[in-house]
Trainee: 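Supplied in structure tokens, the structure appears directly below.
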Amino acid sequence: MAQATATRKPARRRINHSTVIMGLYLLFMILPIYWLVNMSLKSNSEILSTFSLWPEDLTFRNYRVILTDASWYMGYVNSLIYVLMNTVISITVALPAAYAFSRYTFMGDKHLFFWLLSNRMAPPAVFALPFFQLYSSIGLFDTHIAVALAHCLFNVPLAVWILEGFMRGVPKEIDETAYIDGYGFWRFFLRIFMPLIASGIGVAAFFAFMFSWVELLLSRTLTTVSAKPIAATMTRTVSASGLDWGVLAAAGVLTIVPGALVIYFVRNYIAKGFALGRV
Amino acid sequence: MDKTVNQKAWFLVLPVLVLVAFSAVIPLMTVVNYSVQDTFGDNVFFWAGLDWFREMLESERMWSALGRQAVFSFIILMIEVPLGVIVALQMPKKGFWASFALVVMALPLLIPWNVVGTIWQIFGRVDIGLLGYVLHSLGIDYNYTQGFFAAWITVIVMDVWHWTSLVALLAYAGLQSIPDAYYQAAKIDQASRWAVFRYIELPKMQGVLMIAILLRFMDSFMIYTEPFVVTGGGPGNSTTFLSIDLVKMALGQFDLGPAAAFSLMYFLVILLISWVFYTVMTNLDKRDGV
């Protein structure tokens with residue numbers, strides 16, 4: 001009994017100090033976002049005249065401006081369209097490739113794998129101008145598919161890398177048994193193998209969604225009107241209409257929402273997912 | 001795991017190969033093309049050899065941008081990696097608070113990069129931002145559009161805010177994989193907290209930490225949007241990192257030749273350093289017998 005209390009005491013003290021550290025860190029994460037939300041609920045005159053920690057004159061005008069104006073809300077639609085296209089394309093082409101890398105040795109496989117990864121290391125700034133010329137010359141400029149394809153530059157290598165990590169964890173005996181049982185490759189792959197790495201596919205899709213959603217340089221360079229992403233809409237309106245702080249903040253808050261929803265759904269896989277299946 | 005030799009596996013890789021060749025090789029060839037040619041306009045180009053490379057290697061502009069970039073990447077790695085590990089060690093292991101912490105921490109990662117810039121631009125403003133206002137009322141002379149240190153500190157704190165969670169989540173994933181038996185053994189041996197960290201937790205986190213460092217290095221070396229929104233590369237050139245300088249050169253001034261030469265050297269630097277990290281990483285993987 002005495003021993004039990006003796007060990008429990010330091011344990012409790014440690015919990016306290018980790019709570020403090022975690023609390024401070026989470027506060028640091030939350031504060032800038034809180035400030036944005038706070039500003040989005042104020043009127044412009046209140047933002048500029050008084051300094052307050054919460055809106056004294058609560059208004060939803062800023063959100064109404066965005067949600068009733070097509071040139072604003074179409075930005076969200078455009079972003080979501082190319083992000084989803086990119087996620088589907090990336091995962092579809094990455095699945096068989098990741099399987100090949102995780103199961104077979106073939107000529108030049110290691111070099112190929114690093115070359116793929118090297119595209120993840122390519123600065124988008126290097127590709128901005130060539131992409132602009134390439135997609136203009138084939139008539140895809142200012143379309144959703146152009147942005148989706150451009151984002152494949154970094155999302156496909158990443159998807160291959162993540163999926164390969166998850167597939168390595170599936171024992172090879174499963175493949176062999178399935179082949180002996182008379183499964184063809186594609187039937188085995190779709191019916192047996194893909195359900196086994198479902199969480200890996202989810203994680204890869206999460207990452208593809210994330211990096212396509214947050215990217216601005218390429219998506220802005222490749223679009224003008226009909227596929228303009230929300231992030232680019234924000235920068236333009238800000239410079240043109242003489243800084244409407246409230247609407248800017250509201251637009252920012254609305255760009256956080258899709259990400260927050262996605263995180264909520266995958267929260268149980270986040271930790272493993274961030275390790276790219278290598279734990 | 002033993003892998004079978006199978007040359008037909010190339011067919012499985014083919015779609016990726018075609019797609020990446022389309023979106024990487026063709027544009028990269030354009031860049032190579034520009035880097036060895038010069039033009040007087042009208043789409044007439046002539047061979048310039050390695051002149052642009054020579055010019056860029058001698059230009060002070062590129063070296064100073066590279067210097068700033070190196071300092072920036074070094075500082076943020078030095079802050080984010082230890083901080084991320086510390087946070088990961090303090091994370092609740094399960095239950096409501098673990099989920100809550102995970103969601104809050106992952107939040108900055110999914111905010112579009114220019115919105116991250118906007119958030120900090122607002123947050124740091126002396127008149128309407130919480131941070132700027134508080135610092136100002138404490139009597140600290142803080143103005144990120146004019147002060148050199150204020151600009152750097154803002155950009156660094158912003159990056160720490162934005163990306164430390166990535167390191168923390170990776171490290172957390174590594175910690176989750178340690179079996180309880182290890183900790184019990186350490187307790188029996190009466191190992192100190194430090195010893196537990198040094199001999200159990202750190203080795204187990206090694207693999208994921210390498211991924212974290214690799215990702216953070218690559219992404220910080222290509223950083224563009226966030227500092228561009230906050231400081232626009234200023235005051236003066238003090239936060240003009242490589243990508244900002246490159247975009248200015250290529251899309252702003254349309255100096256295609258120098259920009260292309262710059263691009264290639266920039267890419268090579270990243271490639272070289274990442275290759276070193278990658279080699280170390282795969283060797284670690286092998287040693288652990290994964």
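Proteins get letters first, then strands, A, B, ... in listed order; numbering begins at 1 in each.
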Trainee: Testing the basics here: between A:L149 and B:S23, what is the closest heavy-atom pair and its distance to 0.1 Å?
Mentor: O-CB, 3.9 Å
Trainee: Show, in sequence, the C-alpha distance, side-chain angles and deciding distance for B:I111 and A:I33, and conclude whether the side chain to side chain contact (heavy atoms under 4.5 Å, CB included) test is met.
Mentor: CA-CA 10 Å; B:I111 300 177; A:I33 298 177; 4.1 Å; yes
Trainee: Would you find more than 12 non-hydrogen atoms of other residues, nucleotides or ligands less than 6.0 Å from A:Y179 atom OH?
Mentor: yes
Trainee: What part of B:M29 is in contact with chain A, defined as an atom under 4.5 angstrom from a non-hydrogen atom: side chain, backbone, both or neither?
Mentor: neither
Trainee: Checking side chain to side chain contact (heavy atoms under 4.5 Å, CB included) between A:L216 and each of B:N114, B:V229, B:V115, which is the one that passes?
Mentor: B:N114
Trainee: With the side chain counted from C-beta on, respond yes when A:W35 and B:I122 share a heavy-atom pair under 4.5 Å apart, and no when they do not.
Mentor: yes
Trainee: Which of the residues A:T255, A:L134, A:V160, A:V262 is involved in the greatest number of heavy-atom pairs with chain B at under 4.5 angstrom?
Mentor: A:T255
Trainee: In this structure, are over 12 heavy atoms from other groups packed under 6.0 Å from B:Q7 atom CD?
Mentor: yes
Trainee: With respect to A:I263, which candidate in B:V104, B:V103, B:L109 satisfies the side chain to side chain contact (heavy atoms under 4.5 Å, CB included) definition?
Mentor: B:V103
Trainee: Are the side chains of B:L107 and A:I256 in touch, meaning some heavy atoms are under 4.5 Å apart?
Mentor: yes
Trainee: Who among A:M39, A:M22, A:Q133 has the most heavy-atom pairs with chain B under 4.5 Å?
Mentor: A:M22
Trainee: Has the side chain of B:W10 got a donor or acceptor atom that lies under 3.5 Å from a matching backbone atom of A:D109?
Mentor: no
Trainee: Find the distance between CG (B:L268) and OG (A:S118) and round it off to the nearest 0.5 Å.
Mentor: 10.5 Å
Trainee: Has B:W161 got a side-chain atom pairing as donor or acceptor with A:M29's backbone, closer than 3.5 angstrom?
Mentor: yes
Trainee: Where does B:V167 contact chain A at under 4.5 Å (heavy atoms): side chain, backbone, both or neither?
Mentor: neither
Trainee: B:Y278 vs A:F114 aromatic rings, parallel, tilted or perpendicular, using cut-offs 30° and 60°?
Mentor: tilted
Trainee: When only pairs under 4.5 Å are counted, which of B:T30, B:V5, B:L14, B:V16 shares the most heavy-atom pairs with chain A?
Mentor: B:V16
Trainee: Evaluate the side-chain proximity of A:T105 to B:T4: yes if any heavy-atom separation is below 4.5 Å, no if none is.
Mentor: no
Trainee: Strictly distance-based, threshold 3.5 Å: is any side-chain N or O of A:Y25 a donor or acceptor partner for the main-chain N or O of B:S165?
Mentor: yes
Trainee: Taking all atoms of both residues into account, what is the closest heavy-atom pair of B:A21 and A:W115, and its distance?
Mentor: N-CH2, 4.4 Å
Trainee: List the atom of B:M222, the atom of A:R120, and the distance in Å for their closest heavy-atom pair.
Mentor: CE-O, 3.4 Å
Trainee: Do B:V13 and A:F106 come within less than 4.5 Å of each other through their side chains, counting heavy atoms only?
Mentor: yes
Trainee: For residues A:I21 and B:L89, determine if any side-chain heavy atom of one lies less than 4.5 Å from a side-chain heavy atom of the other.
Mentor: no
Trainee: With rounding to the nearest 0.5 Å, note down the distance linking CG in A:L217 to OG in B:S243.
Mentor: 7.5 Å
Trainee: Pick one of side chain, backbone, both or neither for B:F217, based on which atoms fall under 4.5 Å of a heavy atom in chain A.
Mentor: neither
Trainee: Examine whether an atom of A:F101 lies under 4.5 Å from a heavy atom of chain B, and if so say whether it belongs to the side chain, the backbone or both; otherwise answer neither.
Mentor: both
Trainee: Where on B:V18 is there a heavy atom nearer than 4.5 Å to chain A: the side chain, the backbone, both, or neither?
Mentor: neither
Trainee: Tell me, for B:F262 versus chain A, whether the close heavy atoms (under 4.5 Å) come from the side chain, the backbone, both or neither.
Mentor: neither
Trainee: Closest heavy-atom contact between A:V126 and B:S263?
Mentor: CG1-CB, 3.6 Å
Trainee: Pick one of side chain, backbone, both or neither for B:L28, based on which atoms fall under 4.5 Å of a heavy atom in chain A.
Mentor: both
Trainee: Quick one: pull up OG1 in B:T225 and CD in A:E215 and give me the separation to the nearest 0.5 Å.
Mentor: 6.5 Å
Trainee: Quick one: of A:A128, A:G108, A:A100, A:G252, who has the most non-hydrogen atom pairs under 4.5 Å with chain B?
Mentor: A:A100
Trainee: Where do B:L130 and A:L31 land on the side chain to side chain contact (heavy atoms under 4.5 Å, CB included) test, with the steps shown first?
Mentor: CA-CA 9 Å; B:L130 186 61; A:L31 262 186; 3.9 Å; yes
Trainee: Check the pair B:L19 / A:I89 against side chain to side chain contact (heavy atoms under 4.5 Å, CB included), numbers first and verdict last.
Mentor: CA-CA 10 Å; B:L19 188 66; A:I89 296 173; 4.0 Å; yes
Trainee: For chain A, which candidate among B:V157, B:V87, B:N33, B:L17 shows the most heavy-atom pairs at distances under 4.5 Å?
Mentor: B:V87
Trainee: For B:A24 versus A:F127, what's the shortest heavy-atom pair and its separation?
Mentor: O-CE2, 3.6 Å
Trainee: Side chain from CB out, backbone as N, CA, C, O: work out which of these in A:L254 comes under 4.5 Å of a heavy atom of chain B, or both, or neither.
Mentor: neither
Trainee: State, to 0.1 Å, how close B:W120 and A:P32 come at their nearest heavy-atom pair, and which atoms those are.
Mentor: CZ2-CG, 3.7 Å
Trainee: Determine the option with the most heavy-atom pairs under 4.5 angstrom with chain A, choosing from B:A101, B:A98, B:G129, B:P15.
Mentor: B:G129
Trainee: Before giving the answer on side chain to side chain contact (heavy atoms under 4.5 Å, CB included), spell out for B:V160 and A:F28 the whole-Å C-alpha distance, their side-chain angles and the decisive distance to 0.1 Å.
Mentor: CA-CA 10 Å; B:V160 169; A:F28 174 54; 4.1 Å; yes
Trainee: Please examine the side chains of A:L36 and B:F123, heavy atoms only from C-beta on, and report whether any two atoms are closer than 4.5 Å.
Mentor: no
Trainee: To the nearest 0.5 angstrom, please state how far the CG atom of B:L12 sits from the CG atom of A:L95.
Mentor: 11.0 Å
Trainee: Quick one: does B:Q90's side chain have a donor or acceptor within less than 3.5 Å of a partner on A:T19's backbone?
Mentor: no
Trainee: Does a side-chain heavy-atom distance below 4.5 Å link A:M121 with B:W275?
Mentor: no
Trainee: If you count heavy-atom pairs within less than 4.5 Å of chain B, which of A:W245, A:Y99, A:Y264, A:W213 leads?
Mentor: A:W245
